[in-house]
Each structure stands twice: as structure tokens, then as C-alpha cells.
Amino acid sequence: MSKSANVTDLARANVRALTPYMSARRLGGNGDVWLNANEYPLATEYQLTAQTFNRYPECQPQWVIDRYAAYAGLEAEQVLVSRGADEGIELLIRAFCEPGQDAILFCPPTYGMYAVSAETFGVELRKVQTKADWQLDLPAIKDSLDRVKLIYICSPNNPTGNLVNPADIREVLELAQGRAIVAVDEAYIEFCPQASVSSWLKDYPNLVILRTLSKAFALAGLRCGFTLANSDIIQLLLKVIAPYPLSTPVADIAAQALSPQGLEQMRLRVEEVKANREWLEKALQNCACVEQVFTSESNYLLARFTAASSVFKTLWDQGIILRDQNKQPGLSNCLRITIGTRQECERVIAALAPLPGIDSTNGVNKDNKTNTSSLRKETI
């Protein structure tokens with residue numbers, strides 16, 4: 001075996017070539033209005049009740065599992081808890097995909113960790129871009145299923161905010177029956193609980209649902225997520241999960257968040273976020289630099305701007321940190337704005353108000369701008 005002077009040459013080739021997921025914290029910035037990570041803007045308060053830090057925790061803390069199962073309307077054996085939904089994404093790949101042989105399929109623009117997790121394990125990426133209205137391209141998916149073991153569908157979709165047509169999800173489940181797992185990522189489902197497909201588990205053995213406490217539960221720093229599936233899939237995932245995925249303090253706080261009082265507080269936060277989202281959506285439509293605001297069922301809004309890079313930097317320089325989606329397929333000049341407090345939303349609008357729109361001499365008259373909050377441009 002030849003020796004290498006560079007220790008990084010010893011790493012797997014796919015890891016050396018990997019572009020890591022650029023989380024909000026990795027991207028950094030110096031701001032006081034953080035609207036780039038879809039977090040709840042205010043800290044929640046909890047008191048630790050567990051003191052058994054000298055002992056290893058349970059792999060699957062029973063009170064957390066029981067409370068989440070009750071919340072989701074499922075049996076305890078249909079629930080697995082992990083280090084955020086991101087670990088759930090990874091566990092599915094580890095359990096179902098043979099490196100160098102199988103593929104995952106996902107539909108951009110969507111959440112970036114599906115791709116990063118698959119690349120990390122040497123699993124092929126199969127991308128089927130969504131249609132102009134960000135709904136699934138079912139014929140293209142049907143034609144792309146060769147060697148696909150795992151399909152990710154994000155609904156509400158990040159970063160676009162739209163719900164995927166439930167009839168289309170059913171069709172994908174039917175197409176994948178006996179050949180692939182369909183993982184529906186419901187990280188933002190608390191903002192539209194009527195759209196959950198959790199009741200479908202009894203009908204589809206190949207359905208998996210990903211959930212998190214990071215968004216509506218305001219616990220992004222806790223790193224606690226859930227995978228919902230029928231018990232045979234949960235048992236497979238338990239074979240590949242770490243021995244102690246949740247620390248004792250995490251399990252303690254998660255159980256408190258899932259108590260009746262915790263669920264009541266979560267629902268109040270959801271109503272607050274939805275009210276601020278409605279206000280921000282209307283206010284953005286009156287900004288000259290905003291070309292289009294897209295309807296969202298989540299805790300963020302996607303908008304298309306005139307010269308989005310300039311808008312992004314202008315707000316960045318004022319301490320208002322947004323998420324640039326310009327490089328995502330079909331999202332040129334788009335920025336994603338997390339719904340913050342009303343004061344933070346007002347800061348965004350105050351910063352955008354003086355920015356110019358497209359000059360009318362170039363064919364666009366901003367005074368006659370169409371309200372497109374519920375429309376999709378054919379160019380997307």
C-alpha cells in the first residue's frame with residue numbers, strides 16, 4: 001500500500017469531493033435579526049428535572065416516545081426519536097441503501113440535507129425537478145425509479161413553503177410499493193396540521209414521516225426529531241441508530257415540550273407566527289424591490305426580488321440576515337425570510353422600503369405590479 005504525504009488523501013474519495021450543507025450557523029454573519037434558519041425568534045424556558053447524569057440515557061426514552069405517539073395519534077412502536085430530523089434522514093439511507101448500488105430520489109428545489117446525506121454514504125442522487133407550480137412531476141418520477149430505494153418529499157416544502165398535492169404523494173407511494181421507501185418530511189407540519197399524512201401509515205407499509213421539535217416547538221437548539229413509520233421499519237432503524245442518541249437533558253426537555261401545557265404553548269406560537277406571516281406577506285407586496293411573494297404554509301416566506309444579491313447584502317449590512325436561495329433550481333433572485341417577531345418583520349420592511357424596483361423603461365412598471373402571492377410564474 002502506497003503512503004501519502006497528505007493525510008486527507010486517506011479519506012474516502014466521495015467525502016473529499018463532498019460540498020457540505022451550509023447551515024445558517026456555518027454561513028455566519030453579524031446581525032441582531034436572524035431570519036435565515038426558520039427558527040422561532042424567542043427563547044423558551046425549561047427547568048431540568050432529571051438528575052441522573054452519571055448514568056447513560058435510554059436509547060429511546062419511553063416518556064418521550066409515549067408523549068409523541070399520543071400527540072401524533074400513533075402507537076409507541078411507530079415512533080423513533082433521534083438527534084433532529086436530520087439523523088432520521090441519514091438513518092433511512094443507512095438502513096435501506098447499498099452504497100455504490102442504490103439511489104435516492106428527491107425533487108428540487110428542496111431541503112439540501114437529502115443530497116448531502118446520500119453523498120456522504122456513497123449513494124447516488126436522482127433529482128427530478130418539480131413543475132412550474134412546485135408540484136411533483138409524476139411522469140418524470142415514474143421514469144426515474146430504477147435502483148431508487150428511497151424517495152424524499154418535503155411538505156410543506158423548504159424553501160418554497162407550498163404543500164405537495166396529497167393525491168400526488170399517494171401516487172408516488174403506489175409507484176414505490178414494494179421497491180422504495182417514501183419519506184415525507186413534515187418538519188413544518190404544525191403550521192398546517194390538517195395536511196399531515198400520518199394517518200396513512202395504516203395503508204402504506206413503505207411510508208415514513210419525518211418530524212422535529214426545532215420549528216413550531218421552538219427547540220432548534222435541542223436537536224430532537226422523530227421518525228414515524230410502521231413498527232417493522234422502526235425496528236430496522238433501531239439497528240443502525242447510535243446507542244444513546246438523546247442526552248438526558250434533551251429527553252427531559254422534549255418530554256416537557258410534549259406535555260399538555262407544552263402542546264398548548266406550541267399552538268399559541270403557531271398562531272402568532274401565522275399572524276406575523278400574513279402581515280409580512282402583505283407588506284412585502286408593497287415594496288418596490290419585491291417582484292413576487294409566494295404563498296407559504298410554514299414559518300417562512302419566499303420572495304423574488306429585483307437584484308436579490310444586492311438586497312441580501314443591504315439587509316446583511318444592517319444586521320438583518322436572510323437566506324439566499326438564488327442558486328436553487330428555479331429560484332433565481334429569491335430570498336427566504338423566516339417569520340420573526342412583529343418588530344423584526346417591521347425592521348425587514350423598513351430596510352426594503354427605500355430600495356428601488358426594476359426601472360419601468362426596461363418594461364416593468366412597479367406601480368402596476370400584479371399581486372402574485374398565490375400564483376407561480378411559468379419561469380420557475
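Remember, it's a predicted structure, so these values are computed and weren't measured experimentally.
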Checklist entry - So Phe312 and Trp316, would you call those rings parallel, tilted or perpendicular, with 30° and 60° as cut-offs? => result tilted
Checklist entry - Hey, are Glu190 and Lys215 close enough for a salt bridge, meaning a charged N less than 4.0 Å from a carboxylate O? => result no
Item to check | Minimum-distance pair of heavy atoms, taken over all atoms of Ala76 and Ile65 | outcome: O-CG2, 3.5 Å
Next on the checklist: Once you measure the plane-to-plane angle for Tyr71 and Tyr68, does it fall in the parallel (<30°), tilted (30-60°) or perpendicular (>60°) bin?
Outcome noted: perpendicular
Checklist entry - Cys59 and Pro243: which non-hydrogen atoms are nearest, and at how many Å? => result CB-O, 3.4 Å
Item to check | For Ser144 against Val128, the heavy-atom pair lying closest together | outcome: OG-CG2, 3.7 Å
Checklist entry - Should the pair Glu278-Lys282 be classified as a salt bridge under the 4.0 Å nitrogen-to-oxygen rule? => result yes
Checklist entry - What are the two closest heavy atoms between Ile104 and Cys97, and how far apart are they? => result CG2-SG, 4.0 Å
Next on the checklist: If we count only N and O atoms by modelled type, under 3.5 Å, do the side chains of Arg277 and Tyr300 hold a donor and an acceptor together?
Outcome noted: no
Next on the checklist: With no hydrogens and no angle check, just 3.5 Å: does a side-chain donor-acceptor pair link Arg336 and Thr160?
Outcome noted: no
Item to check | Salt-bridge present (Glu186, Arg211; N to O < 4.0 Å) | outcome: yes
Checklist entry - Asp252 and Thr49: side-chain donor and acceptor closer than 3.5 Å? => result yes
Checklist entry - Just checking, any donor-acceptor pair under 3.5 angstrom between side chains of Glu58 and Tyr244? => result no
Next on the checklist: Check Glu344 with Arg342, please: is the shortest side-chain N to carboxylate O separation under 4.0 Å?
Outcome noted: no
Checklist entry - Does the ring-ring contact (aromatic ring centres under 6.0 Å, His included) test come out yes or no for Tyr152 and Tyr111, once each step is laid out? => result CA-CA 10 Å; Tyr152 290 102; Tyr111 184 43; 9.5 Å; no
Checklist outcome for this item: When rounded to the nearest 0.5 Å, the distance separating CH2 of Trp279 from CD1 of Ile339 is 10.5 Å
Checklist entry - Rounded to the nearest 0.5 Å, how far does CD1 of Ile153 lie from OG1 of Thr130? => result 12.0 Å
Checklist entry - If you round to the nearest 0.5 Å, how far is CD of Glu271 from CZ of Arg269? => result 12.5 Å
Checklist entry - What is the minimum heavy-atom distance between Arg67 and Ala255, and which atoms define it? => result NH1-O, 2.5 Å
Checklist entry - With a 4.5 Å limit on heavy-atom distance, are the side chains of Cys287 and Ile349 in contact? => result yes
Checklist outcome for this item: Smallest heavy-atom separation, Pro205 atom then Asn230 atom, equals CA-ND2, 3.7 Å
Checklist entry - Taking NZ, NE, NH1 and NH2 as the nitrogens, is one of them in Asp32 or Arg347 under 4.0 Å from a carboxylate oxygen of the other? => result yes
